[in-house]
2 protein chains.
Amino acid sequence: MAGDRQPRLLTHPDLGDVELTTVLFALSDPSRLALVRELAAEGPRTVEECRGSEPDVPKSTFSHHLRTLREAGLVTNEPLGRRRVVALRREELEGRFPGLLDAVLGH
Amino acid sequence: MAGDRQPRLLTHPDLGDVELTTVLFALSDPSRLALVRELAAEGPRTVEECRGSEPDVPKSTFSHHLRTLREAGLVTNEPLGRRRVVALRREELEGRFPGLLDAVLGH
DNA sequence: GCCATGGTTCGACTCCTTTGGAATAGTCGT
DNA sequence: ACGACTATTCCAAAGGAGTCGAACCATGGC
């Protein structure tokens, strides 16, 4: 069909193109690391649910952190209705950086 | 004895006090990560030897990176004659963050 | 004691990151 | 089509990190 405009897709990097230093940097912020931990423990969540853990953080700030994680290949961010679902790219990360995520999550 | 002034000791943090995010941040810079890799592969080296890999980097810049690594608990920096020896705190790191260093060095 | 050597610290500059308010865009219900 | 809801992007302000020359400090040799 003609107007098959997708519901606002964000770009996700191929993990093969992501540098280790980029991943480490994304994880080096306490807010972002906490979010990754939460996703690892609870599974995929909407942005709203994620934000529930730290309600004082403005939406734009939170969105920026999500972007940093997404561009580092750590999470996906897909539309679902009028929400968005954030998910950890666990298997892919394990393939690219074996043991890294487990080591980071182990604390 | 009275004037037992030590040969210029730098302070090294107790690894129990070091946050994971601090370690990840220290490792998130390509120059610093390369240095850690080199120390892991070659064992302890003098600052001069370390600097040999990247001769174009000014001494002060290199020293700053060493400081960041040291304050993150990743390396020790001890005087030896008029040189200084830099060493990876491997066993200690393994105790505090099991698997982390191996995962990072695996690439 | 004096000088050369090896390294850190200081200070200044630039760039990037973080932050957050406002504007914008997509989706659902009516 | 309109409004409510969810979330990103835009833009600017403030803070922090990287870079590097110059000053400083400690050690060893003469």
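Keep in mind that what you see is a predicted model, and the values were worked out from it rather than measured. Letters A, B, ... are given to chains in the order of the sequence lines, protein chains preceding strands, and every chain is numbered from 1.
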Colleague: Just the rounded figure in Å: distance from C1' of D:dT27 to CD of B:E48.
Modeller: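 Distance check: B:E48 CD to D:dT27 C1' gives 14 Å.
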Colleague: Does the A:R51 side chain pair with the main chain of A:V57, one donor and one acceptor, at a distance under 3.5 Å?
Modeller: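 Yes; judged by distance alone, with no hydrogens or angles, the pair exists.
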Colleague: Between B:N77 and C:dT8, is there a side-chain N or O to OP1/OP2 distance below 4.0 Å?
Modeller: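 So the side-chain polar atoms of B:N77 do come within 4.0 Å of the phosphate oxygens OP1 or OP2 of C:dT8, strictly under.
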Colleague: Has A:R96 got a side-chain atom pairing as donor or acceptor with A:V18's backbone, closer than 3.5 angstrom?
Modeller: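 Yes.
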Colleague: Measure the distance from CG on B:L66 to C1' on C:dT9 and round it to the nearest whole Å.
Modeller: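 Between C1' of C:dT9 and CG of B:L66: 13 Å.
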Colleague: Closer than 3.5 angstrom, by distance alone: can the side chain of A:R70 be matched with the main-chain N or O of A:L10 as a donor-acceptor pair?
Modeller: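 No.
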Colleague: For nucleotides 14-21 of chain C, read 5' to 3', which letter fits each nucleotide if B means a protein heavy atom sits under 4.0 Å from the base, S means only the sugar-phosphate is that close, and - means neither?
Modeller: ---SSBBB
Colleague: What's the NZ-C1' distance between A:K59 and D:dA4, to the nearest Å?
Modeller: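 It works out to 12 Å between those atoms.
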Colleague: Out of C:dT8, D:dT8, D:dG28, which has the shortest distance to the side chain of B:R82?
Modeller: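 The closest nucleotide is D:dG28.
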Colleague: Whole angstroms only, please: what is the CG-P distance between A:L24 and D:dA17?
Modeller: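 Distance, rounded to whole Å: 17 Å.
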Colleague: Quick check on C:dT9: is either OP1 or OP2 less than 4.0 Å from any side-chain nitrogen or oxygen of B:R67?
Modeller: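 Yes, within the criterion.
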Colleague: To the nearest Å, give me how far apart CZ (B:R51) and P (C:dT5) are.
Modeller: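 In whole Å, C:dT5 P and B:R51 CZ are 14 Å from each other.
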Colleague: Tell me the closest heavy-atom pair linking A:L93 and A:G73, and the distance in Å.
Modeller: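 That closest heavy-atom pairing would be CD2-O, 3.9 Å.
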Colleague: Please report the distance, rounded to the nearest Å, between CZ in A:F62 and C1' in D:dT9.
Modeller: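 Atom-to-atom, A:F62 to D:dT9, this comes out as 16 Å.
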Colleague: Whole angstrom is fine here: how far is it from CG in B:L69 over to P in D:dG18?
Modeller: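 Taking atom P of D:dG18 as the reference, CG of B:L69 is at 10 Å.
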Colleague: Measure from the side chain of B:R84, starting at C-beta and using heavy atoms only, and say which of D:dA7, C:dT8, C:dG6 lies closest.
Modeller: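 It is C:dT8.
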Colleague: I need the CG-P distance between A:L10 and D:dT6, as an integer number of Å.
Modeller: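 Taking CG of A:L10 and P of D:dT6, I get 18 Å after rounding.
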Colleague: Walk me through whether A:E71 and A:R67 qualify under salt bridge (charged side-chain N to carboxylate O under 4.0 Å, His left out).
Modeller: CA-CA 6 Å; A:E71 291 182 341; A:R67 178 180 188 149; 3.1 Å; yes
Colleague: Please tell me which of the listed nucleotides, D:dT9, D:dT6, C:dT9, lies nearest to the side chain of B:R70?
Modeller: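 Of D:dT9, D:dT6, C:dT9, C:dT9 is nearest to the side chain of B:R70.
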Colleague: So, do A:E42 and A:E49 sit near enough that their side-chain heavy atoms are less than 4.5 Å apart?
Modeller: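 Result no, sub-4.5 Å side-chain heavy-atom pair not found.
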Colleague: Do B:E54 and B:S31 get their side chains close enough for a donor-acceptor pair, meaning under 3.5 Å?
Modeller: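 No, no side-chain donor-acceptor contact under 3.5 Å.
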